[in-house]
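Numbers here simply count residues along the sequence, with the first being 1. All heavy atoms count here, side chains included; hydrogens, waters and symmetry mates do not. When a ligand or atom number is given, it counts from 1 through the structure's own listing order.
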Amino acid sequence: MTSPIRTERHDNVLVVISDNPPVNALGQAVRAGLKDAIGEALADDSVEAVVIRCDGQTFFAGADITEFGKPPVGPNLPETLDAMEASDKPVVAAIHGTALGGGCEVALACHYRVAVPSAKLGLPEVKLGLIPGAAGTQRLPRLVGAESALPLVVGGNPIPAKKAEKIGLLDVLVGEDSLEADAIAFAKTKIGQPVPRSSEGKENEDGVRDPDLFDRFRASQARRIRGFDAPNAAIEAVKAAGELSYADGVAKERELFMKLMGGTQSAAMRHYFFAERAANKIDDVPKDTQLIPIKKVGVIGAGTMGGGIAMNFLSAGIPVTILEMAQDALDRGTGVIRKNYENTAKKGRMSAEQVDQAMGLLTPTLSYDDLADCDLVIEAVYESMEVKKEVFGKLDEVVKQGAILASNTSYLDVDEIATATKRPGYVLGMHFFSPANVMKLLEVVRGKETRHDVLATVMKLSKKIGKVAAVSGVCPGFIGNRMLSKRQEQANELLMEGANYWEVDEVLLDFGFPMGPFQMGDLAGIDIGWHRDPSKVTTIREALCAVGRFGQKAGKGFYDYDEARNRTPSDEVKQIIADFAAKEGKPQREISKDEIRERLLYPMVNEGALILEEGMAQRASDIDVVWINGYGWPLYTGGPMFWAQTVGLDKVVTGLERYGLPVSNYLRTKAENGGKFD
Ligand code: 3H9
């Protein structure tokens with residue numbers, strides 16, 4: 001097998017090149033090749049400097065994640081990098097694309113780092129439930145200081161080259177199109193000088209001078225890192241870089257790294273990494289399917305949903321024509337879009353020019369005719385089959401042939417909507433989640449006639465607009481809402497049997513959801529879909545509406561809210577629920593937190609199994625992707641289907657039986673045959 005590493009001589013400089021598509025992951029062959037190349041450079045007196053660069057789209061994007069959990073084959077990354085740093089001939093990292101994780105650690109072990117301006121550098125290991133494991137947590141703070149290192153190691157988000165240069169992670173930015181030549185020229189200027197080694201840097205002393213830095217940082221991140229193990233380990237490791245010798249710091253990092261690697265959180269998050277990428281693939285749609293060019297998008301409805309949907313495309317530089325029925329609604333909608341952008345700009349995440357650029361791509365209109373030349377039109381109008389069919393009928397008449405027509409419906413039958421057109425092959429669902437400009441999930445609903453090129457185009461487009469897409473078949477509520485309804489059913493039932501609603505919420509909060517079902521109800525508005533007749537009360541929600549408890553917006557719903565939106569359980573609501581249960585003759589009892597958790601979550605797993613059995617999801621991991629990105633299911637458990645496997649599918653089955661809840665044959669069979677869904 002040929003090595004992915006080759007070397008080229010440029011005078012007295014040895015250029016070491018990795019060619020390991022798609023992302024130059026640091027698999028065994030790459031590590032071995034790098035180590036050999038350094039050996040070659042050291043052994044050859046005519047080599048006076050080394051440049052390391054990568055072919056393809058990116059510098060090393062990290063360790064090869066597919067090797068994790070398998071028996072290690074040497075050389076390992078730490079020893080490879082130590083050999084590199086130990087060289088007394090200057091070694092220069094020449095960076096383009098993304099230097100991530102182990103790739104960033106390669107750069108840190110080099111004596112100098114140069115990069116093109118479009119490059120990004122980062123240590124995203126926390127996103128895999130890990131911390132850097134090749135001395136990144138020890139070299140980085142010594143090079144740039146603990147204060148600059150913390151957000152990189154704990155947050156895991158890469159930073160642009162310019163920022164990396166500012167904090168001292170890069171030595172110099174070079175020409176976008178002349179990386180290799182500039183890196184060689186740079187390396188030549190360093191020949192004969194003592195080499196600077198990150199492991200010997202002193203910048204980490206900022207953390208020694210100000211030891212409270214770490215607690216302050218932890219407090220500032222508390223909400224974001226709640227429940228995750230890796231960020232705390234990352235803080236500990238960076239702190240150790242100031243407290244311990246380099247060798248002891250590295251040992252501490254290894255201890256923390258190994259513990260995380262063996263834990264369930266990292267297994268879950270690695271599962272999610274591949275799940276997200278798998279979800280973007282549709283098994284029966286060939287990879288080379290010709291895509292439909294999307295140069296202009298139409299959005300019908302300028303309300304909260306339509307406006308949010310439009311922003312996704314505007315932010316990605318795609319022109320949008322947005323349609324409303326009346327001028328005032330149109331003005332209001334475009335006003336909200338502008339305001340959202342301006343707020344982003346106020347937070348420093350967008351420049352004023354970028355706001356103008358995005359708004360410049362927006363064309364508001366009252367006329368369907370202006371949608372004629374759109375390549376994709378997404379409808380976000382009222383959830384009524386009649387209204388949707390009318391809209392699709394009109395679209396079919398005015399929008400050019402070959403254009404895609406999508407519905408943002410969250411539960412209606414997309415096949416039926418498609419019958420309102422003469423092009424059902426070009427119709428599908430694009431179910432965005434509110435707020436649509438923020439939430440990552442896009443449920444792509446595949447109709448029975450949806451064409452391959454239409455699906456492939458929308459999957460590709462979803463990535464361009466920063467969404468994580470998963471495909472669902474046509475069934476009520478698709479993947480996400482279909483499973484949510486099972487959880488909600490149990491939540492309501494638990495109240496009637498005597499559970500306190502705040503305990504139900506607490507159980508989900510403890511599990512890692514950002515909020516529970518009743519908090520969610522208050523936030524969304526209890527009066528959604530209410531018939532507005534206070535004398536007609538058949539559900540607890542209607543009873544709350546009848547007394548004006550519409551949710552957070554009214555200052556009271558299930559909870560009472562103060563000015564700062566802090567919530568407290570309400571005596572009035574307790575009474576309403578108790579009255580209801582009495583009226584229905586439901587005996588009340590104490591319900592344990594374990595029972596609450598199991599009754600909320602196990603039926604969702606069962607519904608997920610049914611979704612798989614019916615072929616409504618392609619794979620169990622797609623369901624995980626939907627729930628993590630659309631409904632706040634905690635990432636560190638891997639999503640409902642992966643989580644169920646870690647609990648044990650047999651235990652889920654027994655639990656459902658214990659509570660007298662349905663168990664699908666599919667779930668039972670999987671539980672009996674190895675306990676895995678895929
Ligand atoms: C680490 O480094 C630990 C060390 O500190 C310690 C060691 C001791 N390995 O995302 P894409 C595959 S932890 C294996 O669609 P993009 C990916 O599955 C690692 N495979 O492309 C996909 O395969 P497929 C820290 C990987 O252009 C294909 O490459 N590093 C890896 O949208 C294309 O990926 C990270 O966490 C990998 N490391 O984005 C970085 N990375 O075609 C993880 C990707 O079969 N990677 N693949 O579906 C990324 O963030 C993105 O892939 C990247 C490119 C931004 C690089």
Side-chain angles (χ1 to χ4, degrees), residues 4 18 20-31 34 54 56-70 72-82 95-109 118-140 149 152-153 155-160 230 233-234 237-238 250 253-262 266-267 269-283 287 440 459-469 619 621-622 625 635:
S18 169
N20 187 31
V23 296
N24 282 304
L26 288 148
Q28 193 276 335
V30 175
R31 297 193 302 269
L34 279 178
C54 293
Q57 62 163 349
T58 179
F59 194 73
F60 308 104
D64 186 337
I65 306 169
T66 59
E67 286 183 355
F68 291 179
K70 297 183 186 154
V73 184
N76 66 26
L77 194 57
E79 71 187 80
T80 308
L81 301 194
D82 287 347
I95 302 167
H96 78 293
T98 43
L100 299 179
C104 188
E105 291 174 300
V106 171
L108 284 164
S118 62
K120 287 186 175 163
L121 290 90
L123 292 165
E125 284 87 344
V126 280
K127 302 197 175 184
L128 299 169
L130 296 170
I131 60 168
T137 66
Q138 302 305 300
R139 285 198 177 99
L140 182 67
L152 271 167
V153 184
N157 292 323
I159 52 170
V238 175
V250 168
E253 177 193 272
R254 180 110 303 247
E255 178 197 321
L256 293 165
F257 177 83
M258 293 311 288
K259 191 163 168 225
L260 291 167
M261 183 66 105
S266 178
M269 291 167 80
R270 283 182 271 135
H271 155 78
Y272 175 75
F273 177 85
F274 290 111
E276 182 181 316
R277 282 152 183 86
N280 204 265
K281 300 185 178 85
I282 307 175
D283 288 340
K287 258 190 181 162
K440 292 291 255 178
M459 297 312 275
K460 179 88 180 172
L461 187 64
S462 68
K463 214 172 163 188
K464 185 162 181 191
I465 61 171
K467 296 292 176 211
V468 176
R619 40 188 100 81
S621 62
D622 283 12
V625 168
L635 171 61

- request: If you have a sec, work out which protein heavy atom is nearest atom 7 (C) of ligand 1 and how many Å separate them, to one decimal?
  value: Ala63 CB, 3.9 Å
message: Can you name the atoms of ligand 1, numbered from 1 with element, that are less than 4.0 Å from a heavy atom of Leu128?
response: 13 (S), 19 (C), 36 (O)
- prompt: Under 4.0 Å from atom 41 (N) of ligand 1, is there any protein heavy atom?
  reply: yes
query: Looking at atom 6 (C) of ligand 1, what's its closest protein heavy atom, distance included?
result: Gly133 N, 3.4 Å
field: Option whose closest heavy atom lies nearest to atom 30 (N) of ligand 1, chosen from Pro22, Gly101, Ala61, Gly122
entry: Ala61
- request: Could you tell me the residue and atom name of the protein heavy atom closest to atom 45 (O) of ligand 1, and the distance to it rounded to 0.1 Å?
  value: Lys281 NZ, 4.1 Å
- prompt: What are the atoms of ligand 1, with element, lying closer than 4.0 Å to any heavy atom of Phe274?
  reply: 18 (O)
query: Hey, are Lys440 and Glu276 close enough for a salt bridge, meaning a charged N less than 4.0 Å from a carboxylate O?
result: no
field: Test item: Lys463 and Met459 side chains (from C-beta on) under 4.5 Å apart, heavy atoms
entry: no
query: Nearest protein heavy atom to atom 44 (C) of ligand 1, by residue and atom, and its distance?
result: Val23 CG2, 3.5 Å
field: Over 12 non-hydrogen atoms of neighbours within 6.0 angstrom of NZ in Lys127
entry: yes
task: Please lay out, stage by stage, how Leu34 and Leu26 fare under the test side-chain contact (heavy atoms from CB on, under 4.5 Å).
output: CA-CA 10 Å; Leu34 279 178; Leu26 288 148; 3.9 Å; yes
- prompt: Would you call Arg139 and Asp82 a salt bridge, using N to O less than 4.0 angstrom?
  reply: yes
task: Go through ligand 1 atom by atom and flag the ones less than 4.0 Å from a non-hydrogen atom of Asp64.
output: 9 (N), 14 (C)
- prompt: Does some side-chain heavy atom of Val106 sit less than 4.5 Å from a side-chain heavy atom of Leu81?
  reply: yes
- request: Select the closest option to atom 4 (C) of ligand 1 among Arg270, Glu105, Met269, Arg254, judged by heavy-atom distance.
  value: Glu105
- request: Between Arg277, Lys127, Lys287, flag the one that comes closest to atom 49 (C) of ligand 1 by a heavy atom.
  value: Arg277
- line: For Pro124, the atoms of ligand 1 under 4.0 Å from one of its heavy atoms are 30 (N), 35 (C), 36 (O)
- prompt: Judged by atom type as modelled, is there a donor-acceptor pair below 3.5 Å linking the side chain of Ser462 to the main-chain atoms of Val468?
  reply: no
Atom 21 (O) of ligand 1 - nearest protein heavy atom and its distance: Lys463 NZ, 4.0 Å
statement: One finds that the ligand 1 atoms under 4.0 Å from a non-hydrogen atom of Thr98 are 56 (C)
- prompt: Taking Glu67 for the side chain and Pro72 for the main chain, is one N or O donor matched with an acceptor at less than 3.5 Å?
  reply: no
task: Just jot down the ligand 1 atoms closer than 4.0 angstrom to any heavy atom of Gly62, in number order.
output: 2 (O), 30 (N)
query: Within the structure, does Gly102 bring an N/O atom to less than 3.5 angstrom of an N/O atom in ligand 1?
result: yes
Glu105 side chain near Leu123 side chain, heavy-atom distance below 4.5 Å: yes
- prompt: Hey, which atoms in ligand 1 end up nearer than 4.0 Å to a heavy atom of Phe273?
  reply: 18 (O), 41 (N), 43 (C), 44 (C), 46 (N)
query: Going by the atom numbers of ligand 1, which of them fall below 4.0 Å from some non-hydrogen atom of Pro132?
result: 5 (O)
task: Ignoring hydrogens, just give me the one of Asn76, Leu100, Ile65 whose non-hydrogen atom is nearest atom 9 (N) of ligand 1.
output: Ile65
query: Within 45 degrees of the axis of the six-membered ring of Phe274 and under 6.0 Å from its centre: does Arg270 put its NZ or CZ there?
result: no
- prompt: Do the side chain of Glu125 and the main chain of Leu100 share a donor and acceptor less than 3.5 angstrom apart?
  reply: no
task: Output yes when a protein non-hydrogen atom is found under 4.0 Å of atom 2 (O) of ligand 1, and no otherwise.
output: yes
message: Is there a side-chain contact between Phe257 and Thr137 in this structure, where contact means two heavy atoms from C-beta onward sitting under 4.5 Å apart?
response: no
statement: Checking heavy-atom distances from atom 5 (O) of ligand 1 to each of Glu125, Glu67, Gln57, Lys120, the winner is Glu125
